[in-house]
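Worksheet: the structure to be examined is printed underneath.
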Number of protein chains: 2
Amino acid sequence: MFKELDPLLHSQLRLQVMSLLVGVESAEFTYLLEETGATRGNLSVQITKLKDAGYINVNKSFRNNYPLTTCKITPKGVEVFEKYVEALQDYLNMDKKSSTQ
Amino acid sequence: MFKELDPLLHSQLRLQVMSLLVGVESAEFTYLLEETGATRGNLSVQITKLKDAGYINVNKSFRNNYPLTTCKITPKGVEVFEKYVEALQDYLNMDKKSSTQ
DNA sequence: ATAATTAAGTTTATTTTATAAACAAGTTTA
DNA sequence: TAAACTTGTTTATAAAATAAACTTAATTAT
């Protein structure tokens with residue numbers, strides 16, 4: 001009946017990040033920070049988890065002497081995201097079978 | 001940008017339970033058990049949380065000498081479930097603004 | 001009739017997760 | 001040169017999910 005929900009995606013902040021990344025070429029740490037409203041620490045942790053899972057790639061460089069971290073969703077990331085969205089449909093479906101009682 | 005996701009609903013098992021209940025008049029503990037595939041302990045805990053939040057009503061009685069627990073979603077439960085589903089749309093939206101890079 | 005098994009849950013304990021607080025390393029400004 | 005800011009990471013704490021163990025009573029087998 002219910003498909004499993006990827007626990008790595010079924011988390012508010014990580015899902016926000018993936019949702020943001022799926023629509024863009026890449027995004028900076030500070031951009032994700034602003035869009036999500038998360039704390040830097042939390043965002044850092046969740047980005048690491050997504051990277052470790054191979055859902056995103058993280059590039060670290062410098063810009064104007066400051067560290068610059070950019071994230072980009074991977075093909076696998078797109079795939080699992082789409083799968084998650086599809087699995088979730090089962091859970092949100094409003095038209096259900098009739099009463100049990 | 002992103003609306004908050006009710007943490008009580010943003011949980012695989014509790015969401016399954018709510019999803020099942022939203023479509024029926026009421027459902028028995030054992031029915032929820034079968035449909036969700038959860039353990040009895042876990043289901044018991046999550047049902048209690050949903051009850052404490054006022055999202056469902058729980059009725060305890062007996063049938064054939066055995067305990068019978070039935071759950072029914074409350075108006076508030078329907079409301080928060082619908083709100084959750086709506087909030088989630090932000091996260092699943094595939095058509096996003098163009099690149100940041 | 002009593003021991004083992006099943007039914008239907010609950011409670012407790014453990015593992016995982018999420019989050020915030022503290023830290024780091026360097027840069028800019030007063 | 002000291003204070004404040006930028007951009008993160010690491011660590012510690014709080015919260016949550018889950019499973020294992022327990023409970024109470026009923027049924028079945030011996």
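Residue numbering restarts at 1 for every chain, and letters A, B, ... go by the order of the sequence lines.
Residue B/L8 contributes atom CG, which lies 14 Å from atom P of D/dA15 at whole-angstrom precision. Rounded to whole Å, atom C1' of C/dG9 lies 10 Å from atom CG of B/L43. What separates OH of A/Y66 from P of D/dG8 is a distance of 12 Å, to the nearest Å. One atom, CD1 of A/I47, and another, P of C/dT19, lie 14 Å apart when rounded to the nearest Å. Rounding to whole angstrom units, CG of residue A/L33 and P of C/dT19 are separated by 14 Å. Computed from coordinates, the B/H10 NE2 to C/dT17 P distance equals 13 Å when rounded to whole Å. Regarding B/F62, its CZ atom lies at a distance of 13 Å from the P atom of D/dT24, rounded to whole Å. For B/D6 and D/dA16, the CG to P distance is 11 Å, given to the nearest whole Å.
Summarising the geometry of B/A87 relative to B/E4, their closest heavy-atom pair is CB-O, 3.9 Å, with the distance given to 0.1 Å. Looking at every heavy atom in both residues, A/D6 comes nearest to A/L8 through OD1-N, 2.8 Å. Of all non-hydrogen atoms in A/C71 and A/L21, the two that sit nearest each other are O-CD2, 3.6 Å. When all heavy atoms of A/Y91 and A/F2 are compared, the closest pair comes out as OH-CB, 3.7 Å.
Of the possible donor and acceptor atoms, one in the side chain of A/T74 sits under 3.5 Å from a partner among the backbone N and O of A/G54. Between the B/T69 side chain and the B/F29 main chain, no donor and acceptor come within less than 3.5 Å of each other. Within the 3.5 Å criterion, the main-chain N or O of A/P7 finds a donor-acceptor partner in the side chain of A/R14.
With a 3.5 Å limit on both pairing distances and Watson-Crick or G-U wobble geometry required, the stems of 3 or more pairs in DNA chain C span C:1-30 with D:1-30.
Of the candidates D/dT7, D/dA17, C/dT19, the closest approach to any side-chain atom of A/Q46 belongs to C/dT19.
Tested against B/V17 for a side-chain contact (heavy atoms from CB on, under 4.5 Å), the candidates B/I73, B/L43, B/V22, B/L9 yield a single pass: B/L43.
Not one side-chain nitrogen or oxygen of B/T39 sits closer than 4.0 Å to the OP1 or OP2 atom of D/dT18. Contact annotation: B/K49 does not reach the phosphate of D/dA16 (side-chain N/O to OP1 or OP2, under 4.0 Å). Contact check, A/N65 against D/dT6: no side-chain N or O comes under 4.0 Å of OP1 or OP2.
B/Q16 and B/Q46 share no side-chain donor-acceptor pair at under 3.5 Å.
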Review point. For every nucleotide of nucleotides 10-16 of chain C, 5' to 3': is a protein heavy atom under 4.0 Å from its base (B), only from its sugar-phosphate (S), or from neither (-)?
Key: BBB----
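Within 4.0 Å of A/R63, counting heavy atoms only, lies no atom of the nucleic acid at all.
Along DNA chain D, the nucleotide closest to B/N64 and the one closest to B/Q12 are compared, and the more 5′ of them pairs with B/Q12.
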